[in-house]
Amino acid sequence: MIHEYYSNFPTFLYPMASSIMPHFPLLKPNFHTGTTKITQKSTVFLRSAARMDSSSSASANAPAESSAATTQDTVVQYVVLRRDLIDTWPLGSVVTQGCHASVAAIWTHKDDPDTLSYCSPPNLDSMHKVTLEVKGETQLLNLSEKLKAGGVAHKLWIEQPENFATCLATKPCPKSAVSSFFKKLKLCK
């Protein structure tokens, strides 16, 4: 029945679309022109269906895969703000400082494989950031030194013309490689 109803549907999309059309009627064939209109919402369903289709076929073809091979380490960017500034500055100003550090860390390491993966088109809508806080400038500077000693690439944002550290951001890194540096810090609330 699906084949008859959607006979003018583009053949290259038919295998995936035939499995989702009964459930998501967002793919709208135009029988007069032989074209198909895909709505913006249908793109989400197509992406989801493709993801589900590839994961189900992969698990069917290789049921004995180890869990280590199937789980990827999440690439994350840590942003650390100062609590003393959060309590005294306008919220927008503190958020702006974090944005400056985040963008600077990404741009400085734009050719790094983890940064390229983090900023790739398929991952743009699923970036992972962890925003933490330290008490003040001394703790921020100490954290920066620990990160340098541990070889963790980051950007310490120095506000100008005042010339003091307001926050820092790491370059995007696998969480397992850097999380130990941040385990004693609180989530910024």
Side-chain angles (χ1 to χ4, degrees), residues 26 39-52 54-55 67-189:
L26 297 170
T39 65
Q40 187 172 12
K41 289 182 182 178
S42 63
T43 305
V44 173
F45 293 124
L46 287 172
R47 241 184 281 149
S48 300
R51 199 174 305 130
M52 289 186 310
S54 65
S55 65
S67 62
T70 58
T71 58
Q72 289 184 345
D73 196 5
T74 302
V75 176
V76 65
Q77 183 178 39
Y78 285 89
V79 178
V80 182
L81 305 173
R82 287 175 40 186
R83 170 47 66 185
D84 62 331
L85 297 181
I86 295 168
D87 292 338
T88 57
W89 285 18
L91 178 60
S93 297
V94 178
V95 170
T96 299
Q97 298 299 305
C99 293
H100 289 329
S102 175
V103 171
I106 288 173
W107 185 253
T108 302
H109 303 281
K110 65 184 176 288
D111 297 324
D112 178 81
D114 291 325
T115 303
L116 291 170
S117 171
Y118 187 78
C119 296
S120 68
N123 293 331
L124 278 179
D125 293 333
S126 59
M127 292 179 167
H128 295 274
K129 282 191 177 44
V130 179
T131 306
L132 305 168
E133 64 181 48
V134 293
K135 289 182 182 180
E137 187 175 18
T138 302
Q139 292 79 11
L140 189 66
L141 294 172
N142 289 341
L143 176 61
S144 180
E145 289 302 317
K146 287 179 188 175
L147 292 172
K148 278 183 198 168
V152 178
H154 66 283
K155 174 63 177 175
L156 178 66
W157 189 257
I158 308 294
E159 182 63 10
Q160 296 298 331
E162 295 85 357
N163 203 35
F164 63 86
T166 58
C167 61
L168 69 77
T170 64
K171 78 165 192 70
C173 303
K175 188 173 186 176
S176 64
V178 295
S179 62
S180 61
F181 291 96
F182 302 98
K183 64 184 176 187
K184 293 182 180 179
L185 301 182
K186 294 180 189 177
L187 282 174
C188 185
K189 296 181 183 180

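Position 1 is the first residue of the sequence, and the numbers go up from there.
A distance of 5.0 Å separates CG in L81 from SG in C188, rounded to the nearest 0.5 Å. The CG atom of L156 sits 9.0 Å away from atom CG of L143, with the distance rounded to the nearest 0.5 Å. Taken to the nearest 0.5 Å, the CD1 atom of I86 stands 12.0 Å off from the OG atom of S93. The distance from the CG atom of D114 to the NE2 atom of H109 is 11.5 Å, given to the nearest 0.5 Å. Residue T115 holds its OG1 atom at 11.5 Å from CH2 of W107, rounded to the nearest 0.5 Å.
Distance alone, capped at 3.5 Å, places no donor-acceptor pair between the S102 side chain and the G98 backbone. Between the side chain of E137 and the main chain of A165, a donor-acceptor pair closer than 3.5 Å is present.
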Evaluation steps, side chain to side chain contact (heavy atoms under 4.5 Å, CB included), between F164 and R82: CA-CA 12 Å; F164 63 86; R82 287 175 40 186; 3.4 Å; yes
Criterion side chain to side chain contact (heavy atoms under 4.5 Å, CB included) on V79 and V130, from CA distance to verdict: CA-CA 6 Å; V79 178; V130 179; over 6 Å; no
Worked verdict on D84 versus W89 for side chain to side chain contact (heavy atoms under 4.5 Å, CB included): CA-CA 8 Å; D84 62 331; W89 285 18; over 6 Å; no
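Residue pairs meeting the side chain to side chain donor-acceptor pair (under 3.5 Å) criterion with at least one partner in residues 175-188, sequence neighbours excluded, are D73-S176. Applying the side chain to side chain donor-acceptor pair (under 3.5 Å) rule to pairs touching residues 149-169 yields Q97-W157, Q97-E159, Q97-T166, S144-H154, W157-E159, Q160-N163, sequence neighbours excluded. For residues 85-98, the pairs satisfying salt bridge (Lys or Arg N to Asp or Glu O under 4.0 Å) are R83-D87, with sequence neighbours left out.
When all heavy atoms are compared, the tightest approach of L124 to C119 is CD2-O, 3.6 Å. The two residues A105 and A169 make their nearest non-hydrogen contact at CB-O, 3.6 Å. In plain terms, the two heavy atoms of T74 and H128 that are nearest each other are CG2-CD2, 3.4 Å.
Taking the salt bridge (charged side-chain N to carboxylate O under 4.0 Å, His left out) definition, one finds that K146 meets it with nothing, sequence neighbours left out. Listed by chain and residue number, nothing satisfies the side chain to side chain contact (heavy atoms under 4.5 Å, CB included) test with V103 (two or more places apart in sequence, or in another chain). For F182, the ring pair (Phe, Tyr, Trp, His ring centres under 6.0 Å) partners are Y78, not counting sequence neighbours. For T170, there are no side chain to side chain donor-acceptor pair (under 3.5 Å) partners, not counting sequence neighbours. Partners of Q139 by side chain to side chain contact (heavy atoms under 4.5 Å, CB included), not counting sequence neighbours, listed by chain and number: V134, K135. In this structure D111 satisfies the side chain to side chain donor-acceptor pair (under 3.5 Å) test with no other residue, sequence neighbours excluded. A search for side chain to side chain contact (heavy atoms under 4.5 Å, CB included) contacts involving C99 returns V95, not counting sequence neighbours. In this structure, the side chain to side chain donor-acceptor pair (under 3.5 Å) partners of D112, at least two apart in sequence or on a different chain, are K171. Partners of S117 by side chain to side chain contact (heavy atoms under 4.5 Å, CB included), not counting sequence neighbours, listed by chain and number: N123.
Between V75 and P172, the closest side-chain pair of non-hydrogen atoms falls below 4.5 Å.
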